[in-house]
Amino acid sequence: MTKILMVCLGNICRSPLAEGILKSKLANTSFLVDSAGTANYHEDNPPDHRSIAVARKYGLDISKLKARQFTVSDFDTFDFIYVMDASNYNNVIKLARHDEDVKKVYRILNEVYPNQNHDVPDPYYGGDAGFENIYTMLNEACDYIAKKLKQ
Ligand code: 4NP
């Protein structure tokens with residue numbers, strides 16, 4: 001089974017949305033998709049209501065997900081670790097024990113725009129439009145990821 005982890009800072013806005021989107025695109029196939037945050041600010045909390053709302057608008061229910069912090073053991077569990085931005089990348093790479101760990105970590109928008117290192121912007125302090133924007137970005141990135149993984 002191929003295991004994919006989505007990572008952001010709080011695990012309440014971007015990565016649970018990415019988890020819900022990718023799960024929907026890999027339905028009925030043998031993949032495991034999870035998400036985590038580099039920080040523990042929101043441990044055990046459900047996703048932000050604005051992420052739940054934008055997911056629901058597109059037919060996805062992410063309301064039952066619970067935030068957790070990324071741990072070193074995630075490098076052992078997962079095959080692909082997708083981070084949302086440069087800060088998440090640096091925080092995850094700091095925990096890598098060796099090159100095999102480093103090689104599992106990818107900037108999610110590089111799936112769409114290879115080598116360009118674009119960020120999925122943190123929408124936490126913005127308005128609802130930011131959540132629509134990250135949905136669009138993540139939906140496109142997850143299309144590329146699902147297509148690649150199913151090959
Ligand atoms: P996320 O967004 O990393 O996409 O879940 C954030 C959520 C919470 C905070 C920052 C970003 N915060 O500072 O509490």
Side-chain angles (χ1 to χ4, degrees), residues 2-27 31-96 101-146 148-149:
T2 305
K3 297 177 182 170
I4 304 107
L5 184 68
M6 299 295 188
V7 176
C8 62
L9 173 61
N11 193 209
I12 57 166
C13 297
R14 292 165 292 177
S15 61
L17 189 55
E19 176 185 344
I21 293 169
L22 188 62
K23 273 181 179 162
S24 75
K25 295 182 192 295
L26 295 176
F31 293 94
L32 185 144
V33 186
D34 192 13
S35 65
T38 58
N40 68 351
Y41 313 140
H42 300 280
E43 196 83 38
D44 285 329
N45 289 356
D48 185 282
H49 65 94
R50 297 163 295 178
S51 276
I52 292 174
V54 79
R56 185 175 294 131
K57 180 177 166 186
Y58 292 100
L60 305 173
D61 180 9
I62 63 166
S63 65
K64 307 290 190 301
L65 300 180
K66 276 193 193 312
R68 70 169 180 89
Q69 190 170 23
F70 180 86
T71 67
V72 172
S73 66
D74 288 318
F75 286 117
D76 300 322
T77 306
F78 292 93
D79 304 294
F80 297 93
I81 298 169
Y82 287 107
V83 299
M84 302 293 137
D85 64 25
S87 166
N88 307 151
Y89 184 84
N90 292 333
N91 287 328
V92 169
I93 290 297
K94 263 185 236 159
L95 299 174
D101 291 349
V102 173
K103 282 188 199 153
K104 291 182 173 183
V105 187
Y106 301 88
R107 302 277 295 261
I108 193 167
L109 291 185
N110 282 353
E111 297 296 313
V112 187
Y113 308 103
N115 305 314
Q116 293 191 32
N117 292 341
H118 291 309
D119 290 337
V120 179
D122 181 348
Y124 188 63
Y125 292 106
D128 290 345
F131 284 80
E132 189 72 38
N133 182 42
I134 63 163
Y135 175 85
T136 303
M137 292 175 143
L138 293 173
N139 190 47
E140 187 178 24
C142 289
D143 273 335
Y144 278 80
I145 293 169
K148 189 169 81 174
L149 292 177

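First listed ligand is number 1; within each ligand, the first listed atom is number 1. When a residue number appears, it is its place in the shown sequence, counting from 1.
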(Q) Checking contacts here: is it the side chain or the backbone of D48 that comes within 4.0 Å of ligand 1, counting heavy atoms only? Could be both or neither. (A) neither

Q. If you take all heavy atoms of D76 and K104, which pair is closest and at what distance?
A. O-NZ, 4.2 Å

(Q) I'd like to know if the side chain of D85 pairs up with that of N88 as donor and acceptor (distance under 3.5 Å, no hydrogens or angles considered). (A) yes

Q. Nearest to atom 14 (O) of ligand 1, what protein heavy atom do you find, and at what distance?
A. H42 NE2, 2.9 Å

Q) Which ligand 1 atoms, with their elements, are less than 4.0 angstrom from a heavy-atom of I12? A) 5 (O), 7 (C), 8 (C)

Q.
Counting only nitrogen or oxygen atoms and a 3.5 angstrom limit, does R14 reach ligand 1?
A. yes

Q.
Considering non-hydrogen atoms of the protein only, which is the closest contact for atom 13 (O) of ligand 1, and what is the distance?
A. Y125 OH, 3.6 Å

Q) Between Y82 and E19, is any side-chain donor less than 3.5 angstrom from a side-chain acceptor? A) no

(Q) For ligand 1 and Y41, I'd like to know whether there is a polar contact (N/O to N/O, distance under 3.5 Å). (A) no

Q) Would one find more than 12 heavy atoms of other residues, nucleotides or ligands at under 6.0 Å from atom OH of Y58? A) yes

Q: Give the numbers and elements of all ligand 1 atoms closer than 4.0 Å to a heavy atom of G10.
A: 1 (P), 3 (O), 5 (O)

Q: For ligand 1, find out whether one of its N or O atoms is nearer than 3.5 Å to an N or O atom of P123.
A: no

Q.
If the cut-off is 4.0 Å to any non-hydrogen atom of C13, which atoms of ligand 1 fall inside it?
A. 1 (P), 2 (O), 4 (O), 5 (O)

Q. Looking only at protein heavy atoms, which one is nearest to atom 1 (P) of ligand 1, and how far off is it?
A. C8 SG, 3.5 Å

Q) What protein heavy atom is closest to atom 9 (C) of ligand 1, reported as residue, atom name and distance in Å? A) Y124 CD2, 3.5 Å

Q: Decide whether N117 and N110 meet the rule of one side-chain donor and one side-chain acceptor closer than 3.5 Å.
A: yes

**Q.** Residue of the set R68, K3, K23 for which side chain to side chain donor-acceptor pair (under 3.5 Å) holds with D34
**A.** R68

Q) Which one holds for D122 and ligand 1: side chain close, backbone close, both close, or neither close, with close meaning a heavy atom under 4.0 Å? A) side chain

Q) Around N45, counting heavy atoms of other residues, nucleotides and ligands shown, do more than 12 lie under 6.0 Å from its CG? A) yes

**Q.** Closest non-hydrogen atom pair between Y144 and E111, with its separation
**A.** CD2-O, 3.4 Å

Q | Per-atom contacts, ligand 1 versus L9 - under 4.0 Å to a heavy atom | A | 3 (O), 10 (C), 11 (C)

Q: Specify the closest pair of heavy atoms between A36 and L5, including all atoms of both residues, with the distance to one decimal.
A: N-CD1, 4.0 Å

